[in-house]
Amino acid sequence: MSSFDRKEQGEENRFARDAEFRFRATARRDKLLGLWVSEQFLDKTGDEAEAFAKEVIKSNFERPGDDDVVEFVMGRVAEAGGDLSERRLRHRMDELMAQAQRQLADE
């Protein structure tokens, strides 16, 4: 194997690890988001909060990016009569992504 082939293989491996890390961090962020929304806006705890967090994770498979999660959460909060702005939600998502990345890096 040439040095070019080894370098290319290393880059492919790094890309795969980075993609897996992003996927895991996003799923963890969505779980943390679901638990936060459950507690703050939906009056859910325990198993109900966990179930909602799983729904938030699943909502992120609708289309690329975070818009599907934002729409899902905003809709559920609105149905419950809660008051959550999109700006606050997106800010919280950013905070939780940083937290999720730290947690995964520490594992």
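Here Arg24 pairs with Glu20, Leu104, Glu107 under the side chain to side chain contact (heavy atoms under 4.5 Å, CB included) rule; sequence neighbours left out. Under the rule for a side chain to side chain donor-acceptor pair (under 3.5 Å), the partners of Gln103 that lie at least two apart in sequence or sit in another chain are Arg28. Contacts of Asp67 classified as salt bridge (Lys or Arg N to Asp or Glu O under 4.0 Å), with partners at least two apart in sequence or in another chain: Arg90. Annotation: side chain to side chain contact (heavy atoms under 4.5 Å, CB included) contacts of Asp18 (sequence neighbours excluded): Arg14, Arg22. Partners of Glu71 according to the side chain to side chain donor-acceptor pair (under 3.5 Å) rule, which considers only residues two or more places apart in sequence or in another chain, are Arg63. Judged as a side chain to side chain contact (heavy atoms under 4.5 Å, CB included), and not counting sequence neighbours, the contacts of Glu95 are His91, Arg92.
Residues Leu32, Leu33, Trp36, Val37, Phe41, Leu42, Phe52, Val56, Val69, Val70, Phe72, Val73, Met74, Val77, Leu84, Leu89, Met93 make up the rest of the hydrophobic cluster containing Leu96, defined by ILVMFWY side-chain heavy atoms closer than 4.5 Å, directly or through other members. The other residues sharing a hydrophobic cluster with Phe61 are Phe23, Ile57, where clustering joins ILVMFWY side chains under 4.5 Å apart.
In terms of heavy atoms, Ala25 sits closest to Ala100 at O-CB, 3.5 Å.
Atom CG in Asp83 sits 8.5 Å away from atom CZ in Arg88 (nearest 0.5 Å).
At a threshold of 4.5 Å between non-hydrogen side-chain atoms, the residues Arg29 and Thr26 count as touching.
The stretch residues 48-62 participates, sequence neighbours left out, in these salt bridge (Lys or Arg N to Asp or Glu O under 4.0 Å) pairs: Lys31-Glu50, Glu55-Arg76.
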